Amino acid sequence: MKPLSKTVEQFTESIFSTMTKMAIDNKAINLSQGFPDFDGPSWVIDLATKALRENKNQYAPSMGILPLREAISHNYKRFYGMTVNPLSEVVVTNGATEAIFCTCLGLLNPGDEVVVLEPFYDSYLASIQLAGAKVVPVTLKAPDFHFDLNELKAAINSKTKLLIINNPHNPTGKVFSAEEIETLGNLARENDFYILSDEVYEFLTFGVAHKPTATYADLKERTITISSTGKTFGLTGWKIGWAIGPAQLIKAIHNVHQFSTFCVAQPFQWAMAEALIKMDEYLVEFKAEYARKKDILINGLTERGFKVLNPAGTYFVMAQLPEGRTDVEFCKDLILSKKVATIPTSAFYLKSDEGTRMIRFCFAKKDETLLSALENLK
Ligand SMILES: Cc1ncc(COP(=O)(O)O)c(C=O)c1O
């Protein structure tokens, strides 16, 4: 038989699936994969049920139903003062993951280079490789996860087509400062590359405001902003995501979406179209709940001797390991001896070995789950 795709052949099972499987096999409490172990708000689920019963069950328009694109546009204006044309500057995708994939396939040619700040979400690498482009990692340095400007400048050349930023940042919990985004923006302008800004944790910040990359001076014309409702509504299985950006970029991204999935499940789009414009009250409660859960986990881990890095955003907490321990063996040991599953962070790095000295906990869990995990970690 003839060999299969050389690019795909390199892909292995993601660390998230591996750790979740190991957690299940060992009956461990799963603080590894980034999704809640509780359901999303019942009022949003009711909206989907209503849509399912109201004949919204056929293919949706490929760009996404207009009321959802209008709601997305409405929120960018309301929360960030950004003007987004719902007719030409928004495409609804199967989660942020598909938006990332379509952006890479829509913008990149073989031989192009993409600068990615590591540690990074694993789908970036696969999407870039499937587009035939080259990943150029630049390391965010612990404990504050800053980038070194010289390292960054050295990573950029005439082939650089795209920079991927994730803000708020998984797995570190970092929220980039205005100065950092401005530095990245200046480099994008000077070297004429695009920015993919993955902002799926936009509403999960603690004491700092989220500011989309596209709202910085002159960056809108070269920025594709990607987000989704998975994290914000605790409904990761619905996979309602989007890319917004200049019309000609969205057209290219949509061209890939059209031939990969064509459209997104229609009933969930109707539910989200309504939920997004009614989220004010919900957001207050949502942020308070997650801030509380973060404190439960951080205080508990600190009491148990973990050296935790307090996140400014996301629902993840990184902990630095004691001297002499490495992440994969530490995580396996935690599952076997303490029945708690976490994520070894080396999986988020390509270049640096910094990840081997940290692990990631997820606090998007019921209080009882967090407390049981902390009890096990005593
Ligand atoms: C940084 C980042 N981007 C994108 C995603 C994927 O989002 P979605 O579930 O909407 O595809 C995740 C999910 O964990 C993430 O952490």
Side-chain angles (χ1 to χ4, degrees), residues 14-20 30-37 40 44 64 68 72 90-105 114 116-128 135 137 140 145 162-176 195-205 210 212-213 224-244 253 256-257 260-261 264-265 268-269 271-272 275-276 290 311-318 342-343 345 347-350 355 360-365:
S14 92
I15 190 68
F16 310 103
S17 309
T18 309
M19 295 318 283
T20 292
N30 192 357
L31 303 189
S32 64
Q33 214 167 351
F35 59 82
D37 65 348
V44 185
L68 177 56
I72 292 166
V90 185
V91 56
V92 176
T93 56
N94 285 282
T97 308
E98 198 214 345
I100 294 161
F101 176 82
C102 294
T103 302
C104 290
L105 274 282
V114 183
V116 183
L117 302 176
E118 68 173 11
F120 59 80
Y121 179 61
D122 61 353
S123 87
Y124 301 162
L125 178 62
S127 297
I128 296 164
V135 179
L140 296 170
F145 300 102
L162 182 68
L163 163 73
I164 302 187
I165 311 174
N166 171 212
N167 188 32
H169 186 260
N170 171 18
T172 66
K174 179 186 174 82
V175 172
F176 286 84
I195 298 177
L196 183 169
S197 192
D198 174 351
E199 301 179 7
V200 295
Y201 299 98
E202 61 184 309
F203 292 109
L204 267 171
T205 56
H210 173 68
T213 304
I224 299 101
T225 308
I226 289 176
S227 193
S228 76
T229 59
K231 316 291 174 181
T232 306
F233 286 94
L235 291 164
T236 57
W238 286 20
K239 297 295 280 185
I240 301 290
W242 57 84
I244 65 163
I253 294 165
V256 182
H257 168 70
S260 54
T261 61
V264 174
F268 298 122
Q269 292 195 54
M272 277 305 166
L276 280 176
Y290 275 95
T314 76
Y315 46 48
F316 303 111
V317 172
M318 300 270 272
T342 56
I343 291 283
T345 57
F348 294 84
Y349 289 80
L350 266 188
R360 189 196 77 177
F361 293 84
C362 172
F363 58 84
K365 305 293 166 193

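When a ligand or atom number is given, it counts from 1 through the structure's own listing order. No experiment lies behind these values; they were computed from the predicted model shown. Here, residue 1 is the first one in the sequence, and each next residue gets the next number.
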Geometric N/O contact [X] with ligand 1, under 3.5 angstrom:
X      : value
Ser228 : yes
Tyr124 : no
Tyr121 : no

### Message
Just to verify, what does Thr236 make a side-chain hydrogen bond (donor to acceptor under 3.5 Å, both in side chains) with, not counting sequence neighbours?
### Response
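Partners of Thr236 under the side-chain hydrogen bond (donor to acceptor under 3.5 Å, both in side chains) test: none.
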
### Query
If you round to the nearest 0.5 Å, how far is CH2 of Trp238 from CZ of Phe233?
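Here the rounded value is 9.0 Å.
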
### Query
Which of the numbered atoms in ligand 1 are below 4.0 angstrom from a heavy atom of Gly95?
10 (O), 11 (O)

#### Entry: Per-atom contacts, ligand 1 versus Asn166 - under 4.0 Å to a heavy atom
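Per the distance check, 1 (C).
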
#### Entry: Lys174: partners by salt bridge (charged side-chain N to carboxylate O under 4.0 Å, His left out), with sequence neighbours left out
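Residues passing salt bridge (charged side-chain N to carboxylate O under 4.0 Å, His left out) with Lys174: Glu180.
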
### Query
For the ring pair Phe145 and Phe120, is the centre-to-centre distance below 6.0 Å?
no

### Message
Can you tell me how the ring of Tyr315 sits relative to the ring of Tyr290, calling it parallel under 30°, perpendicular over 60° and tilted otherwise?
### Response
parallel

Nearest protein heavy-atom contact for [atom]: which residue, which atom, what distance?
atom                    : value
atom 3 (N) of ligand 1  : Asp198 OD2, 2.6 Å
atom 9 (O) of ligand 1  : Lys239 NZ, 3.3 Å
atom 7 (O) of ligand 1  : Ala96 CB, 3.6 Å
atom 14 (O) of ligand 1 : Lys231 NZ, 2.7 Å

### Query
Could Lys231 and Phe35 be counted as a cation-pi pair, given that NZ or CZ must be under 6.0 Å from the ring centre and within 45° of the axis?
no

### Ser228 side chain vs Val200 backbone, donor-acceptor pair below 3.5 Å
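Absent.
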
### Residue-ligand contact Phe120/ligand 1, heavy atom below 4.0 Å
no

